[in-house]
Amino acid sequence: MEDKMPLVGLCGEPKEALEKIEYMMQALSLQGQFSEEDPVQAKKNRQTEFVRITEKSAEALEALDCLIWSGSCENVLSEEADSLLEEYPRLAVIFVADSPEAVFDALTKPFFHVVRGYALEQDLKAALAKLKKQRRTGSGYRSFPYRESPSSDGRIRVREKEILYLESMRHEIWVHCEKKVFLTSETLGYWEEKLRVRSFLRVHKSFLVNPGQISRIGREMIELEDGSRLPVSRYRYPEVMARYEAWIRHAEFLE
């Protein structure tokens, strides 16, 4: 599995502003804002993808590492902004304000970073350095739907690095974290796809594991940092090892 560079979404108005932001982002990426400045990393930086987001759907947003939103005071104060920030806490939303008034309004919201449109290069550079630091430390969050009771559902927000593994047991999906365990919805296959970008490993038909929590791995068993031991399917072992080794190389690459 190849190491993935950030997938950055661009949305907002006007079109000219988005074109300028994309050009600036490409230039900053090639200068090494997402990784260290040497020829190998520079080559990897060219793999950074930028996509225009015309509709903020769940499918489009879940795939992103970062969303850059160019807008005005009206956008900042909209229900759309509140909903986006509440429903996708893991997503790093960088808001590019088109006026000083929009900057002040945006600073009252929990955006990942606020960029002044009139100081675009300086502020984007700071935002990308901050994003790079977050990617290194793995400080992102994941929001899960969870069952409060048989007749009541809610949502819970956890740090991705604190997730140990997900378990499928009797048609229920349990999320095991460092300090809590809870029941969520969907299937293990669904969460495997959602967490693939974070390199979670499907080691068994019943287990999806956070590679950052693995302390030892063998052909039949893996041991996690908390002492948990989980089985590894024989037919999955080659792919598990290949993906785990790729994850280790990528982790060392970022150190």
Side-chain angles (χ1 to χ4, degrees), residues 2-136 140 196-198 254:
E2 294 182 359
D3 295 336
K4 294 188 176 184
M5 296 308 292
L7 178 61
V8 178
L10 299 169
C11 68
E13 298 288 345
K15 179 180 177 180
E16 294 75 14
L18 294 182
E19 291 175 348
K20 184 176 181 180
I21 291 168
E22 183 172 359
Y23 174 82
M24 190 68 66
M25 286 283 293
Q26 290 282 12
L28 291 172
S29 294
L30 290 174
Q31 290 175 21
Q33 292 306 309
F34 278 116
S35 52
E36 304 298 328
E37 295 181 7
D38 65 42
V40 175
Q41 270 98 342
K43 182 178 180 181
K44 287 181 177 289
N45 278 333
R46 296 187 183 96
Q47 299 172 5
T48 302
E49 294 184 64
F50 298 89
V51 294
R52 296 291 177 93
I53 304 297
T54 56
E55 181 180 350
K56 300 182 184 70
S57 65
E59 182 179 1
L61 295 174
E62 285 284 356
L64 300 176
D65 288 281
C66 171
L67 175 67
I68 300 181
W69 185 0
S70 174
S72 62
C73 294
E74 182 179 353
N75 297 124
V76 174
L77 301 175
S78 68
E79 290 184 4
E80 181 184 26
D82 291 336
S83 176
L84 175 67
L85 295 169
E86 181 179 349
E87 294 181 20
Y88 301 93
R90 180 194 70 83
L91 182 61
V93 182
I94 298 174
F95 189 83
V96 181
D98 66 356
S99 67
E101 292 76 17
V103 171
F104 290 126
D105 287 338
L107 288 173
T108 67
K109 303 281 186 175
F111 288 111
F112 178 78
H113 201 86
V114 177
V115 171
R116 298 166 295 172
Y118 49 88
L120 192 62
E121 181 175 3
Q122 175 185 338
D123 288 3
L124 274 180
K125 187 173 182 179
L128 298 188
K130 183 177 174 182
L131 181 63
K132 173 187 169 183
K133 182 178 180 181
Q134 173 177 291
R135 285 170 60 82
R136 281 184 167 181
R196 182 175 295 276
V197 70
R198 300 303 180 201
L254 289 176

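The chain is numbered in sequence order, starting from 1.
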What closest approach, in Å, do [X] and [Y] show between heavy atoms, and which atom pair accounts for it?
{"X": "L64", "Y": "G9", "value": "CD2-N, 3.7 Å"}
{"X": "A126", "Y": "H113", "value": "CB-NE2, 4.2 Å"}
{"X": "V96", "Y": "G117", "value": "CG1-CA, 4.1 Å"}
{"X": "W69", "Y": "G12", "value": "CD1-CA, 4.0 Å"}
{"X": "T108", "Y": "F104", "value": "CG2-O, 3.6 Å"}
{"X": "L85", "Y": "F111", "value": "CD2-CD2, 3.9 Å"}

Y118, OH atom: more than 12 neighbouring heavy atoms under 6.0 Å: yes
Neighbour count above 12 (heavy atom, 6.0 Å) for E19 CD: yes
Just verifying a value: how many Å separate [X] [atom1] and [Y] [atom2], rounded to the nearest 0.5 Å?
{"X": "M25", "Y": "I68", "atom1": "CE", "atom2": "CD1", "result": "3.5 Å"}
{"X": "K125", "Y": "E121", "atom1": "NZ", "atom2": "CD", "result": "7.0 Å"}
{"X": "I94", "Y": "L124", "atom1": "CD1", "atom2": "CG", "result": "6.5 Å"}
{"X": "R116", "Y": "Q122", "atom1": "CZ", "atom2": "CD", "result": "5.0 Å"}

Side chain to side chain, L84 and L67, heavy atoms closer than 4.5 Å: yes
Those residues that, when tested against Y23, pass side chain to side chain contact (heavy atoms under 4.5 Å, CB included) (two or more places apart): none
S99: side chain to side chain contact (heavy atoms under 4.5 Å, CB included) partners, not counting sequence neighbours: C73, E101, A102
side-chain hydrogen bond (donor to acceptor under 3.5 Å, both in side chains) partners of residues 72-84, not counting sequence neighbours, each pair once: K56-E80, S72-N75, D82-K109, S83-E87
